[in-house]
Amino acid sequence: MQAENFVAHRGWRQHYPENTLIAFEQAIQAGAVNIELDIQLSADHVPYVFHDANLMRMCQREGLIWDYPAAELDTFFASESYRLGNAFPHNPMCRLSDIVDLLQANPAVNAYVEIKEESLTQFGEQIVVNAVINALRPVASRCILISFELSALRLALHEGWQRFGAVFDVWPDPQSAALVELQPEVLFCDRNCVPIEVDLCTLPWPILIYEVGSKIEADDWFARGAVAVESFLVGELLREYNLKSA
């Protein structure tokens, strides 16, 4: 087993506010070489690392992320206080450009960048895809675009992007025309959607399972043929597999 077989789901979310710089920094310090993050756009089309359209859960603010321009979002705190209490009261929101800087400082780390369907619906695929790929160009070789919305990935392909994954919460048709066109490096599959009888080793695309919360569960998925698992507890898993960095 290698560190490459594990993905830090929204950073080291177990202990830090999800999708913020500290969560990714701490995951990398714990030994993670793969991080996964979500993208929504601000009112002025600046990509932010943010899962929800609504700001309340993370920032205790009314409204949607695209109700505000980037300059105003930069004054908000992503403390995730409902889950983490007052541990991170002044933790800033994270722009995608902050992740680019983080990757440039950590050349061994790759990022799975998920384009969220809410922003695609709000702004249209062209605006969102262009905003994301333009921001990522300095580290394009280490960024894999992923989404539930395969049409957005196909647009990125036609815009020249080269690395893709797809995300599913229902079991996909591995022979679908969209997957054949995209040639994804990996399929992210919800652990609850995988049929019991399926041998993951026989599929045409490598399978990554999310959300995995224990070594016992990870062992089971690896035994079934998964190439990787995604977890909020990436530091704990790396330590249990003796993969934690010195």
Side-chain angles (χ1 to χ4, degrees), residues 7-28 32 35-103 111-136 143 145-149 151-153 156 167 169 188 190 210-211 213 230-234:
V7 177
H9 192 181
R10 308 180 204 169
W12 194 355
R13 183 185 183 272
Q14 180 71 8
H15 302 288
Y16 302 93
E18 67 172 55
N19 276 327
T20 67
L21 195 56
I22 189 173
F24 297 113
E25 290 172 336
Q26 292 300 316
I28 292 168
I35 60 174
E36 184 271 349
L37 50 122
D38 305 296
I39 300 299
Q40 305 278 10
L41 295 194
S42 67
D44 46 352
H45 305 167
V46 174
Y48 276 79
V49 183
F50 211 77
H51 181 274
D52 304 352
N54 195 293
L55 292 164
M56 183 58 66
R57 181 173 66 88
M58 287 298 299
C59 302
Q60 295 76 59
R61 291 274 186 165
E62 297 289 341
L64 305 174
I65 188 168
W66 53 71
D67 292 336
Y68 300 89
E72 193 167 359
L73 290 174
D74 286 342
T75 69
F76 294 176
F77 297 122
S79 60
E80 203 176 352
S81 62
Y82 294 150
R83 184 171 66 90
L84 298 170
N86 295 321
F88 303 95
H90 303 298
N91 189 51
M93 292 182 68
C94 181
R95 291 190 183 204
L96 184 54
S97 59
D98 296 324
I99 299 299
V100 171
D101 292 342
L102 181 68
L103 292 175
Y112 293 95
V113 180
E114 181 175 346
I115 302 175
K116 299 302 290 182
E117 52 267 47
E118 297 93 342
S119 281
L120 291 167
T121 300
Q122 175 68 17
F123 295 104
E125 290 181 349
Q126 192 74 60
I127 286 174
V128 178
V129 167
N130 284 348
V132 172
I133 64 177
N134 288 337
L136 290 176
C143 293
L145 288 187
I146 65 175
S147 185
F148 285 94
E149 306 301 322
S151 60
L153 300 181
V167 188
D169 55 10
F188 281 65
D190 187 321
Y210 72 94
E211 159 60 35
E230 183 180 43
S231 180
F232 294 143
L233 293 87
V234 68

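- In this structure, E118 CD and L64 CG are separated by 9.5 Å, a value rounded to the nearest 0.5 Å.
- Evaluation of the side-chain hydrogen bond (donor to acceptor under 3.5 Å, both in side chains) rule for N130 yields Q126 as partners, not counting sequence neighbours.
- For E25, there are no side-chain hydrogen bond (donor to acceptor under 3.5 Å, both in side chains) partners, not counting sequence neighbours.
- Here the SG-CZ distance, from C94 to R10, works out to 14.0 Å after rounding to the nearest 0.5 Å.
- The line from OH of Y16 to CD1 of I22 is 6.0 Å long, rounded to the nearest 0.5 Å.
- With N91 contributing its side chain and A78 its backbone, the two residues share a donor-acceptor pair below 3.5 Å.
- With sequence neighbours excluded, the residues forming a ring pair (Phe, Tyr, Trp, His ring centres under 6.0 Å) with Y112 are F188, listed by chain and number.
- Between S119 and the options L41, D38, V132, a side-chain contact (heavy atoms from CB on, under 4.5 Å) holds for only L41.
- Shown here are the side-chain hydrogen bond (donor to acceptor under 3.5 Å, both in side chains) partners of D44, two or more places apart in sequence or in another chain: S42.
- Although no hydrogens or angles enter the test, the distance criterion places a donor-acceptor pair under 3.5 Å between the side chain of Q40 and the main chain of H51.
- Two residues are said to be in side-chain contact when any heavy atoms from C-beta on lie closer than 4.5 Å; F88 and T20 fail this criterion.
- Between R57 and E18 there is a salt bridge, since at least one side-chain N of the basic residue sits less than 4.0 Å from a carboxylate O of the acidic one.
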For L145 and I133, what are the C-alpha separation, side-chain angles and deciding distance, and is it a side-chain contact (heavy atoms from CB on, under 4.5 Å)? CA-CA 9 Å; L145 288 187; I133 64 177; 3.8 Å; yes
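- Applying the side-chain contact (heavy atoms from CB on, under 4.5 Å) test to D74 and every residue at least two apart in sequence or in another chain returns Y48, R95.
- The side-chain contact (heavy atoms from CB on, under 4.5 Å) check on R61 picks up L55, C59, F76, with sequence neighbours excluded.
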